[in-house]
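Letters A, B, ... mirror the listed sequences (proteins, then strands); counts begin at 1. Heavy atoms only: backbone and side chains are in, while hydrogens, waters and symmetry mates are out.
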Protein chains: 2
Amino acid sequence: MNDIKQFLRSNALRPTKQRIVIAGYLFDGTDKHVTAESLSTELAKRKHIISLATIYNTLHDFYENGLLKKLTLSADRVYFDTNTNDHHHFYSEKEQFLIDINKNIKVNGLPKTPKNKKINKIEVIVHLDK
Amino acid sequence: MNDIKQFLRSNALRPTKQRIVIAGYLFDGTDKHVTAESLSTELAKRKHIISLATIYNTLHDFYENGLLKKLTLSADRVYFDTNTNDHHHFYSEKEQFLIDINKNIKVNGLPKTPKNKKINKIEVIVHLDK
DNA sequence: TCAACACTTTAGAATCATTCTAAACTGATA
DNA sequence: TATCAGTTTAGAATGATTCTAAAGTGTTGA
Ligand SMILES: [Mn+2]
Ligand SMILES: [Mn+2]
Ligand SMILES: [Zn+2]
Ligand SMILES: [Zn+2]
């Protein structure tokens, strides 16, 4: 709890009640993939009612500070990922199912990068069925 | 034009004026990535005004019939891809920039697929900068 | 300790891509 | 050519997200 406050301060984020609760949930040691909605629901289960606006604000604040990654897997909700290491995903759109692939993956056979561009990140999504 | 009509019929799609125009544009031999909006704009340049509702309907009809692939690269617009072969992409979110990677890419080092799931498709997105 | 102020939170409105509704239209068929 | 299922469309609705602006709070210097 004081760790969380320090943690937030060290990321130039004022440790407000809401941010402490959200960080406490997100960074509890277990990697998580959340949407604004799912996060809101989880916090509500724990009797922490935080407005959706604040949840969006906080997710973005954390993202801007590199505490979260952002995943665009579906067109109609954004996932935030507490695992900030380089990694990939198994994903089932149908089942809203998302699992980290932390193993080292190699992508072979890429053509040369387009002129004047630089590779920022290679993202591998393994879409699952049934 | 009659080819287009046949093409549509052979896909169980009634060859309406609108579908003929849209198919004529999309399947002209050049691979394309379009959004509903960009397609609408391109058609408008060619003096073909088709309602957005129809453009959405048609993109979905084509998609359902396997004539298009759907790409979820950004959270706030869906891309449709006229290249229906298995392939991957270079993508620049900032520049709305999208290039096919048709070369055979191999992804090595995947962990084993989660129990009771099947790999449907492996998607590689090479995010570009600069 | 506390005033002062920048930073935050929040309800509710706004945005915007997409989907839906239901009425008018049209391609296919006999 | 009449009929009807399939299509198109304007406009309303939806839903995730962002914005607005007013009220609340953490920080800091005296
Ligand atoms: Mn949406
Ligand atoms: Mn949106
Ligand atoms: Zn992850
Ligand atoms: Zn493509």
Let me know the distance between NE2 of A/His60 and C1' of C/dT9, rounded to the nearest Å.
16 Å

For D/dT25, does OP1 or OP2 lie under 4.0 Å from any side-chain N or O of A/Gln18?
no

Taking the six-membered ring for Trp, are B/Phe80 and B/Phe62 closer than 6.0 Å centroid to centroid?
no

Could you give the CD1-to-C1' distance, from A/Ile22 to C/dT8, as a whole number of Å?
12 Å

So, is A/Arg9 close to the D/dG26 phosphate, meaning a side-chain N or O under 4.0 Å from OP1 or OP2?
no

A/Ile49 atom CD1 is separated from C/dT9 atom C1', nearest whole Å, by 15 Å

Picking from D/dT9, C/dT10, D/dT25, the nucleotide nearest the side-chain atoms of A/Lys17 would be D/dT25

Separation of D/dG15 atom P from A/Arg77 atom CZ, nearest Å, is 12 Å

Pairwise side-chain contact, A/Arg19 with A/Leu13, heavy-atom cut-off 4.5 Å (strictly under):
yes

Between CG of A/Asn57 and C1' of D/dG24 the distance, given in whole Å, is 15 Å

Will you find, in the side chains of A/His33 and A/Asp100, an N or O donor that is under 3.5 Å from an N or O acceptor?
yes

Checking C/dT18, C/dT9, D/dT17 against the side chain of A/Ala36 (C-beta onward), the nearest is D/dT17

Do any side-chain nitrogens or oxygens of B/Ser51 fall under 4.0 Å of OP1 or OP2 in D/dT9?
yes

Minimum-distance nucleotide (side-chain atoms of B/Arg19 versus D/dT7, C/dG27, D/dT9)
D/dT7

To the side chain of A/Ala53, which of C/dC20, D/dT17, C/dA11 is closest?
C/dA11

Within the structure shown, what part of the strands sits under 4.0 Å from B/Thr16 by heavy-atom distance: base, sugar-phosphate, or nothing?
sugar-phosphate

Which listed nucleotide (C/dA11, C/dA28, D/dT8) is nearest to the side chain of B/Arg14?
C/dA28

Flag the pair A/Leu67 / A/Phe7 as yes when at least one side-chain heavy-atom distance between them is below 4.5 Å, and no otherwise.
yes

Report the distance from atom CD1 of B/Ile55 to atom C1' of D/dT9, rounded to the nearest whole Å.
12 Å

Can you find a side chain N or O atom of B/Tyr56 that sits less than 4.0 Å from OP1 or OP2 on C/dT18?
yes

Between C1' on D/dT9 and CG on B/Leu59, what's the gap in Å once rounded to a whole number?
16 Å

Among C/dT10, D/dT9, C/dT18, find the nucleotide with the atom closest to the side chain of B/Leu52.
C/dT18

A/Gln6 atom CD is separated from D/dG26 atom C1', nearest whole Å, by 14 Å

Look up atom CG in B/Asn120 and atom OG1 in B/Thr113, then write down how far apart they are to the nearest 0.5 Å.
11.5 Å

